[in-house]
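Report on the following structure.
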Amino acid sequence: MTMSASDSAALAGRLPQSLAEAEALDQIEPLQRVRSAFDLPPDLIYLDGHSLGPPPAAARARLGEAMTAWERGLIRSWNDAGWIDLPTRVGDRIARLLGAREGEVLVCDSVSVNLFKLAAAALPLARTRVIHVEEGEFPTDAYIAAGLAEITGAGYEQVAPEAGLDALSRGGVLIKSVVNYRTAAIADIAQHEAAAAAGGSAIVWDLSHAAGVLALDLTAAGVRLATGCTYKYLNGGPGAPAYLFVRSDIADRLSSPIRGWFGHAAPFAFDRAYAPAPGVARFAAGTPGILSLATLEGALDVFDGVDMQQVEHKARRLGDLWLACTAHLGWPTASPTGGNQRGGHVTQHHRDGYAIIQALIAAGVIGDFRAPDGMRFGFAPLHLRYADIWRAAGRLSVIIDSGAYRDPRYSKPARVT
Ligand SMILES: Cc1ncc(COP(=O)(O)O)c(C=O)c1O
């Protein structure tokens, strides 16, 4: 059945009121063509792209090519297959998604390690030597800050949630997420950067829950330093390498505290003295993981030609639909419930949240759980459809109404939640 232009416009302008409307909206929304790039089991509804994105078919293909280059080219592939350039080449692909310029993004290490490197490099940019982290940030951000403070003799100050903005007036370095890992609340990046400029402070942004789902513009917002992971909305695979961003006009003034040979200006000169590479490349440390990088490079193909404004818009609407479809359960949420203040996921609270998530997984809907009672549902817009949200909420209602989640097998703790 074809829809009239006015029916399509009406449907696109409001949340679907039925499964049939959700299916109709899926037919006309602009990102539906991207879904076929993913290899997903047909009846599974994956609400966990905010934690580990599903594999795009191109990721497997690129991994296969890298394996072949390894088998056939052996060590020659560092040059012949361009392995040596992968960290910056893939960085340039990510740069477009961040609103950064070519040459400003390097793929390397993990977010934890990159936070350490960037926060250490940022200390000389700040008027006072103290590192601030808000309560409620992802734990690694606070652990890294406290450890770095301990070994450098800088101060470490944990501030209240949302108090990072005020802390910027006192100088120092603030480590802050653009999208909070629990609540999905979005920080006003430009406002924070303006406060940092006025206060003589610096910010290291954690983009982990923002990249690949928000239409970021780091350049316009005045960001100097940032890092994020690639295994969530960028679909790079389990343990895929992280990336870091350093604004090009300051990169040559900064030093990495981990002076590895891959950050040297001429690693294969084997000089005794350390000379940092120009630009962001100085933040590399050791040999890059080529198989993971190749997989990530393939995964990024799904973003080719994709408008990030549309991605952000759809993520929010999918989240709005989930909140509307689950409103009858009366679950509290710390996530902003509307407008443009929420990233791509929603956390709802229930004291039996762990068991509910396990029962949902058994019913073919995958979300995740964050202790003590947070059920997190992610709305990655490249592979999720409005009808998936409708169906997932239906399966959830059955589990709650029947009490099926009370089955003791759903309370058995797993190591990864
Ligand atoms: C916001 C945030 N920061 C940092 C990390 C940790 O990243 P990594 O394991 O790459 O160090 C995560 C992991 O999920 C995260 O969600």
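As the structure lists them, so they are numbered: ligands from 1, and atoms in each ligand from 1. Along the sequence shown, residues carry numbers from 1.
- Salt bridge R96/E102: absent, no basic N to carboxylate O contact under 4.0 Å.
- Given atom 9 (O) of ligand 1, the protein heavy atom at minimum distance is Y231 OH, 3.2 Å.
- Contact annotation: for H209 versus ligand 1, heavy atoms closer than 4.0 Å belong to the side chain alone.
- Close approach of ligand 1 to D141 is summarised as follows: ligand atoms under 4.0 Å from at least one heavy atom of the residue are 3 (N), 4 (C).
- For the residue pair S335 / T183, no side-chain donor-acceptor distance below 3.5 Å is found, with atom types taken as modelled.
- Ring-plane geometry between W322 and F377 is classed as tilted, the angle between the planes lying from 30 to 60 degrees on a 0 to 90 degree scale.
- Given atom 10 (O) of ligand 1, the protein heavy atom at minimum distance is V111 N, 3.0 Å.
- When each of D320, T333, N180 is checked for a side chain to side chain donor-acceptor pair (under 3.5 Å) with R342, only D320 meets the rule.
- Here T140 has side-chain heavy atoms under 4.0 Å from ligand 1, and that is the only part of it that gets that close.
- In this structure, a donor-acceptor pair under 3.5 Å is absent between the side chains of E23 and W390.
- With a heavy-atom cut-off of 4.0 Å, S112 touches ligand 1 through backbone and side chain alike.
- Considering backbone and side-chain N/O atoms, S177 never comes within less than 3.5 Å of an N/O atom of ligand 1.
- Residue contact check: S110 has heavy atoms under 4.0 Å from atoms 10 (O), 11 (O) of ligand 1.
- With a 4.0 Å heavy-atom cut-off, ligand 1 is reached by no atom of F116.
- Nearest heavy-atom pair across H383 and D388 is O-OD2, 4.0 Å.
- Nearest protein heavy-atom neighbour of atom 1 (C) of ligand 1: D206 OD2, 3.4 Å.
- For ligand 1, none of its N or O atoms has an N or O atom of Y181 under 3.5 Å away.
- Aromatic pair W205/F245: ring centres not closer than 6.0 Å.
- For the pair W78 and D85, the minimum side-chain heavy-atom distance is 4.5 Å or more.
- Looking at C229 next to ligand 1, no N or O pair under 3.5 Å apart turns up.
- Contact analysis puts K232 in contact with ligand 1, with a non-hydrogen atom separation below 4.0 angstrom.
- Side chains of H345 and S51: no donor on one and acceptor on the other come within 3.5 Å.
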